[in-house]
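What follows is a set of notes on a single structure, which appears directly below.
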Amino acid sequence: MLRNLLFGGAALAVLAGAAFWFLTRPEGIGSSALAAVGPGDATRGERIFWAGGCASCHARPEAEGERLLELSGGLELETAFGTFVAPNISPDPAQGIGEWDESVFVNAMLHGVSPEGKHYYPAFPYPSYARMETQDVLDLFAYLKTLPPAAEETAPHRLSFPYTMRRGIGLWKLIYMHEEPLVELPADAPEAVLRGRYLVEGPGHCGECHTPRSFAGGLQFERWLAGAPALEGDGRVPNITPSSAGIGSWSVADITYYLESGFTPDFDSVGGEMVAVQKNMARLPEEDRAAIAAYLKAVPEVEGE
Amino acid sequence: MKRLAISLSALLVSSVAVVAADDPIAVRQSLMQAVAGAAGASGGMLKGEIDYNPVVAKAAIATLYGVSQAYGDYFPEGSQNGDTDAAPEIWEDMEGFHNALADFQADAAAAFEAAGKDGPADLAAFKAAVQPVLSNCRDCHESFRIQDD
């Protein structure tokens, strides 16, 4: 009897282990899956580059102006899980992504899977990028290829157990990573609102800072964009839903102008982490800023924070 | 309308004059209020909330220009103490602060020059002239104003 029980327990443990292994396997695409998508276009990719704010983490820390295009990495994000180091994504063949092909890049951006087939940590905001169009990802890749190489070697992340176990990220992805849009909109929603949803929920990854996280570091979708403690330091990131606690009093023109100029409706200037974001937004076409504004007026109102 | 703009500018300047001259914190705060007023009028037109008017545009640019010339005089040693959002970095890095101020002055002078006698001819010309000046607000606040978050 005892032997049967022991045997059954062991079998269950093996099954559970197998299930864990199966559920958490890093899944990407093969190179043939991209055949249906056109080649990347660097000019269109530049727009995605600024919408995504890639330089804010991947440029050399403190870089300004043209040097924002040297994506040497090196910025350190000090979080509750440990210190993440933004990698070199310049076209340098040894230290950057010069040797990558399109499918490797798509797997990184849309699936959070590295060239070695491992899960990336979601400090790299691929849970947002998973909502991007594959064509936009290829365009971005084509643009990154045109940037200057940087020779810096990327330092490893400094994390403590259990966060050193990347396999567990596979479970995390099942819970927190979704390709579908977050905010449901009517089928006849204006084009600008739909475009804004794509920019905010996808490449712009606004929710990664403006939405609070659970203990496991996943976004609390029911408080989408309702403000959160800053991931670094002890500041707060504001509520940007159209509630009274958020930016309900801002008009579409106010939000659009803020993203272009950095001025709030009461003519204070943008501050903190948002400065770099706003400077990126200022490089987008006016229609994209207006689209973001239209979407921010359409998301559910959430009070608090 | 021109009269209005002139008296508006005079009002902004005189509001500075009534502040006690021996209180640099109060003076520089009133100068920033003048900038906020100019940024408000500019933003209203750039956002399309107010119809474009070259006289108002000129008044806004003239205010920015005037403040840029005077502002740096109100940060004497010791005035970091008190009810102020001026960051200690101003006094720790006076050279950096003066460089930021010089950028503001240069951009404001260029805008004032571009505005001409009658103000920028249209909204596009105004935008081209005033936006570089207004971008100084963010850049200087980023380094030299206490962050409220």
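Letters A, B, ... are given to chains in the order of the sequence lines, protein chains preceding strands, and every chain is numbered from 1. In this text, all values refer to a predicted model and were calculated from it rather than measured experimentally.
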Counting only heavy atoms not in [X] (residues, nucleotides, ligands), do more than 12 fall under 6.0 Å from its [atom1]?
X	atom1	result
B/D83	CG	no
A/E222	CD	yes
A/E66	CD	no
A/E62	CD	no

For chain A, which of B/M32, B/E49, B/E142 has the most heavy-atom pairs under 4.5 Å? B/E142
Any chance you could measure B/S42, atom OG, to A/F267, atom CZ, to the nearest 0.5 Å? 8.0 Å
Any side chain to side chain donor-acceptor pair (under 3.5 Å) pairs touching residues 121-139 of chain B, not counting sequence neighbours? A/E260-B/K127, A/E260-B/Q131, A/Q278-B/R138, B/D107-B/N136
When you look at B/R145 and A/D268, which way does the side-chain contact (heavy atoms from CB on, under 4.5 Å) test go after all the steps? CA-CA 12 Å; B/R145 182 174 67 171; A/D268 198 351; 2.9 Å; yes
Need one label for A/T256: side chain, backbone, both or neither, based on atoms under 4.5 Å from any heavy atom in chain B. neither
Proximal component of A/D266, with respect to chain B [non-hydrogen, under 4.5 Å]: neither
B/C137 and A/S269 have their tightest heavy-atom pair at O-OG, 3.8 Å
